[in-house]
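One structure is given below, encoded as structure tokens.
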Protein chains: 4
Amino acid sequence: MQVKKEEVKNALLLEAEKEFMQYGFEKASIRRIVKKAGTTIGNFYNYFENKEALFSELVDDEYKAFMYFVNSHNQQGEPEVLLDTLDAGQLREVLNQFVGTLIPVFSQKLFLLTSRSEGTKYENTKSIVLNVITEHYLEHIRELNSNNGDNKEIADVVGHSFLEGLLYIIEKYTDEKLRQRLINEHILFYFLGTMAVLGDSNREKPC
Amino acid sequence: MQVKKEEVKNALLLEAEKEFMQYGFEKASIRRIVKKAGTTIGNFYNYFENKEALFSELVDDEYKAFMYFVNSHNQQGEPEVLLDTLDAGQLREVLNQFVGTLIPVFSQKLFLLTSRSEGTKYENTKSIVLNVITEHYLEHIRELNSNNGDNKEIADVVGHSFLEGLLYIIEKYTDEKLRQRLINEHILFYFLGTMAVLGDSNREKPC
Amino acid sequence: MQVKKEEVKNALLLEAEKEFMQYGFEKASIRRIVKKAGTTIGNFYNYFENKEALFSELVDDEYKAFMYFVNSHNQQGEPEVLLDTLDAGQLREVLNQFVGTLIPVFSQKLFLLTSRSEGTKYENTKSIVLNVITEHYLEHIRELNSNNGDNKEIADVVGHSFLEGLLYIIEKYTDEKLRQRLINEHILFYFLGTMAVLGDSNREKPC
Amino acid sequence: MQVKKEEVKNALLLEAEKEFMQYGFEKASIRRIVKKAGTTIGNFYNYFENKEALFSELVDDEYKAFMYFVNSHNQQGEPEVLLDTLDAGQLREVLNQFVGTLIPVFSQKLFLLTSRSEGTKYENTKSIVLNVITEHYLEHIRELNSNNGDNKEIADVVGHSFLEGLLYIIEKYTDEKLRQRLINEHILFYFLGTMAVLGDSNREKPC
DNA sequence: AATGAATGAGGGTTCATTCAT
DNA sequence: AATGAATGAACCCTCATTCAT
């Protein structure tokens, strides 16, 4: 009656991921997970130390990779060329390549980490990411705009909206190509939107 | 020894709102609510039929008002003047007046309705709102852009980001003036962003 | 179907005391307790915050009283007259009065505190008591005996034996008169035993 | 890859003894034992039928030896010479030889048998031993004292204290020399204490 | 001999809700 | 109106033991 170990573990991980996606960490039920995975509660604890260890096994690699990305990205920055044009078509092309390299980062696991992790040690991930985005955003607009006195809250809101949009894409659109296109457009939207809001006062319309 | 009915009910509603804001409907605990409200579990059920009725009492008026607003807004539309200019400064002024009339709509209760209602009959509110926004958005870009073949998903993402930003403002920034300014900027950002993304191919740069 | 609150609580306390006496804190089962007390698990938590709070309610007064006794006793000491004679009959009389004043201290609860409290915050009570007894014992024999170099371990053993005997009386003999007599004899035994062991070298046989 | 059978078994016995010493039979965890012994739960059951069989293997020889000792000791008795003197110094010497012969009996296993066996078939060992001691004690004082009417409970208490002291030495003091010295002093204490309590009425002070 | 997967009962605890007082 | 006692299901988790491999 025994099944090979990996099968059960994979079934547990698979059902757990669904359960966490649907309910979040705290409302997820181990009883439901093991039932759907076709095993028993007792057996669950042969595979995972506890509920949080199960969650960790799902997201920890992603978490580390993402933190590594965040740190290295901070130093490296994005393509300079972005700042050379406001033409949507050209930007799309540049972004497409750039985002292509980031695709592994924007996995479903990132959604678990940021939006379904309440009650775990990862529960601050979203605010960490938000801080990074906000800082990043503020740096950019400081370059363009001198009077940055009261932009903190705006950056907070823009960063939050941007992040939620990104996470929404990751959660909902699993087809890889579509996802990449949507991420492209999403970033493009925020880039052009920012330029448009700030731009009028900064740039000479050169025609 | 009796306290006037309204006082108790108000205390319950007050603490319930905080509890639902913090935990969401399902993780909210009636025991905690009554304790903080200074009454007892038994008495709670003299005022409310059950947990969901309590939630309803907090949000139902808002829900109806919002649905009414959504429906009437669909017919009435927003200020035409928005379409006449892309100057951020002028748009700000117009928006400021427009948003001023909407402020009552963007209350904390709307946040409860959309983001803390899982497990209640209101749990679909966010997707309803999202649909409205998305439809709205699609209509606008259809006016501006002929090839609207595959914009549905983009509209979905833009709508979602926009909505999440709006809800974030409502949740986090309670000072009325700041909130209105942030909402203004938020709408402006989306308006200009949309124009910028679409605009290059549609508008003659008239200089 | 409801019973007056105090009845249920008392039933719970009564059965809990039996359960803790028989099994100790950790092996005691709340399910068994509530079953014997004629109520349900859910209801148990209307009366007590958790298992340890139940234990505390049984022993905390006793714990405080005992600690107070220990501290004040340290300063006050026992009857001087004990040191004036080695006649068992006389000592019995003196001890009888002395022990009479201590009877409330030597309750069944003290047994719970020292011998059934593993896993609770009281689990160190026995070693505290043992330290007090040992220190006390060492002081006495230092008065009588100059070469106290290596008596620490002996005092430890004597103290432990004495304490275990005392707790055994408390646990097993519930009749108050018998208990007092046994405590008397117990103390007497340790007093005379100590004198006998040390005495040969210290006292002039005065005949 | 296989380890020799005896090594595994010995490792299990070793860790089991520690575990039983620390937690007692019922709270001991086979999972912890096998982990510390470097093997697995499944393999454990190749060596021992179940948890109780493991405990038995640790203590059964000791149990039988002790029971044999108890029975033969009952017939044989202790050195007559003990009764000839009350001088502590002389008694120490006699006892030292006597106790030396008993040392194997007073092993750590005896502690397991009496104080960590709850839940096993050995759980009555302590009360058996206590009965033996008590009977023994009563016989002695009957020789010395005619009015033995109500000494049963006192013997019970004295026996218990004596036994607990002995077991405490065995548990805590593992250095062989120190242990023997403490056992000597312990027996001496009880011998002299008993004499002192009874003695006044029985012996002529011969000076 | 060795592994660890599998089981099911039981551990303490929280919950929304009902209802007698 | 107010109290809180009562219920039972569900929560996460640990346990000794069995057994297929």
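Chain letters run A, B, ... following the sequence lines, proteins first and then strands; every chain starts at 1.
The CG atom of A:Leu113 lies 8.5 Å from the CZ atom of A:Phe66; values are rounded to the nearest 0.5 Å.
Side chains of A:Ser56 and A:Tyr63: no donor on one and acceptor on the other come within 3.5 Å. Between the side chains of D:Glu171 and D:Ser115, not a single donor N or O lies within less than 3.5 Å of an accepting N or O.
Ranking E:dG12, F:dA1, F:dA16 by closeness to the B:Tyr47 side chain, first place goes to F:dA1. Distance from the side chain of B:Ile41 is smallest for E:dT18 among the nucleotides E:dT18, E:dG12, E:dA6.
B:Phe48 carries B:Lys9 over the face of its six-membered ring, with the cationic atom under 6.0 Å from the centre and within 45° of the normal.
To the nearest angstrom, P of F:dC13 lies 14 Å from CG of A:Leu12. Rounded to whole angstrom, the span from the NZ atom of C:Lys27 across to the P atom of E:dG12 amounts to 14 Å. Distance C:Asn43 CG to E:dT18 P: 17 Å, rounded to the nearest Å. Protein atom NZ of C:Lys35 is 13 Å distant from nucleotide atom P of F:dT7, rounded to whole Å. Taking atom CD of residue B:Glu52 and atom P of nucleotide E:dC15, one finds them 19 Å apart after rounding to whole Å. The interatomic distance linking B:Asn50 (CG) with E:dC19 (P) rounds to 14 Å, in whole Å. One atom, CZ of B:Arg32, and another, C1' of E:dA16, lie 13 Å apart when rounded to the nearest Å. The distance between atom CZ of B:Phe48 and atom P of F:dA1, rounded to the nearest whole Å, is 12 Å.
Dashed line: the shortest gap from a side-chain N or O of A:Arg31 to OP1 or OP2 of F:dA10 is not under 4.0 Å. In this model, the phosphate group of E:dG10 is not approached by any side-chain N or O of C:Ser29 to a distance below 4.0 Å at OP1 or OP2. Residue C:Thr40 has no polar side-chain atom (N or O) positioned under 4.0 Å from OP1 or OP2 of F:dG8. Within the 4.0 Å cut-off from OP1 or OP2 of F:dA5, not a single side-chain nitrogen or oxygen of C:Thr39 is found.
A:Lys126 places no side-chain N or O within 3.5 Å of a backbone atom of A:Ser117 that could act as its donor or acceptor partner.
Residue contacts shown for D:Ile30 are limited to sugar-phosphate atoms, with no base heavy atom under 4.0 Å away. Counting non-hydrogen atoms under 4.0 angstrom, D:Ala28 reaches the backbone sugars and phosphates but no base.
Two residues, D:Phe25 and B:Gly42, neighbour DNA chain F, and the one matched to the more 5' nucleotide by heavy-atom proximity is B:Gly42. Position along DNA chain F of the nearest nucleotide to D:Tyr45 versus C:Asn46 favours C:Asn46 as the more 5'-ward residue.
Using the Watson-Crick or G-U wobble rule with both distances under 3.5 Å, E:dT13 pairs with F:dA10. If you check F:dA1 for Watson-Crick or wobble pairing at under 3.5 angstrom, you find it has no partner at all.
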